[in-house]
Novice: 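Let me begin by handing over the structure; questions about it come next.
Nothing here was measured: the structure is a model prediction, and the numbers come from that model. Computation of the quantities below employed the complete heavy-atom set of this structure, encompassing side-chain atoms and omitting hydrogens, waters and symmetry-equivalent molecules.
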Amino acid sequence: MEDSSASYIHMVQHLIEKCLIFRMTKEECIEALSKHGSIEPVITSTVWNELEKENKEFFAAYSQSQSKEDRMSEAETSEMIQKMIADSPKDATDNYKINKD
């Protein structure tokens with residue numbers, strides 16, 4: 001179980017990194033992964049917070065650089081998140097679903 005949990009957390013981290021590439025806020029990322037990836041918001045939030053702790057300078061600059069013009073529309077965001085989820089390693093999500101119950 002520990003190995004599959006680590007794999008699942010790594011997958012969530014990878015998806016968060018994709019959200020960052022798409023210039024999403026923490027809240028947008030949490031909502032998108034919950035809606036399109038069935039990832040519990042508390043998990044996304046926890047992984048995001050750990051990434052912030054490990055990369056303080058990056059997240060400070062990231063927060064300052066965000067503006068509405070740089071963000072994608074909701075439809076574009078939805079499409080990209082669905083593609084990210086589809087492209088994610090299936091074994092990570094499958095192992096989690098099996099061990100979650």
Novice: Can you measure from CD (Glu40) to CG (Leu33) and round to the nearest 0.5 angstrom?
Specialist: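 Taking CD in Glu40 and CG in Leu33, the distance rounds to 12.0 Å.
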Novice: Do you know which two heavy atoms are closest between Trp48 and Cys29, and how far apart they sit?
Specialist: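 Answer, listing the atom of Trp48 first, then Cys29: CZ3-CB, 3.7 Å.
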Novice: Compare all side-chain heavy atoms of Arg23 with those of Tyr62 and state whether any distance is below 4.5 angstrom.
Specialist: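 Yes. Closest side-chain heavy atoms under 4.5 Å.
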Novice: At their closest point, which heavy atom of Ile16 faces which heavy atom of Thr44, and how far apart are they?
Specialist: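 Closest heavy-atom pair between Ile16 and Thr44: CD1-O, 3.6 Å.
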Novice: Would you find more than 12 non-hydrogen atoms of other residues, nucleotides or ligands less than 6.0 Å from Gln13 atom CD?
Specialist: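 Atom CD in Gln13 is packed in, count exceeds 12.
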Novice: Any donor-acceptor pair under 3.5 Å linking the side chain of Ser45 with the backbone of Pro41?
Specialist: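 Answer holds: no.
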Novice: Using modelled atom types and a 3.5 Å cut-off, is there a donor and acceptor pairing between side-chain atoms of Glu28 and backbone atoms of Thr25?
Specialist: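 Checking the backbone N and O of Thr25 against the side chain of Glu28, a donor-acceptor pair under 3.5 Å is found.
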Novice: For Tyr8 and Ile43, run side chain to side chain contact (heavy atoms under 4.5 Å, CB included): C-alpha distance rounded to whole Å, both residues' side-chain angles, the deciding distance at 0.1 Å, then the answer.
Specialist: CA-CA 10 Å; Tyr8 184 73; Ile43 293 172; 3.9 Å; yes
Novice: Would you call Met11 and His14 a side-chain contact if the rule is heavy atoms closer than 4.5 Å?
Specialist: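 Counting from C-beta outward, Met11 and His14 never come under 4.5 Å.
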Novice: Mark yes when over 12 heavy atoms from residues, nucleotides or ligands other than Lys26 sit less than 6.0 Å from its NZ; otherwise mark no.
Specialist: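 More than 12 within 6.0 Å, yes.
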Novice: Mind checking whether Phe59 and Ile30 sit in one hydrophobic cluster, side chains of I, L, V, M, F, W, Y counted as touching below 4.5 Å?
Specialist: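 Cluster IDs for Phe59 and Ile30 differ.
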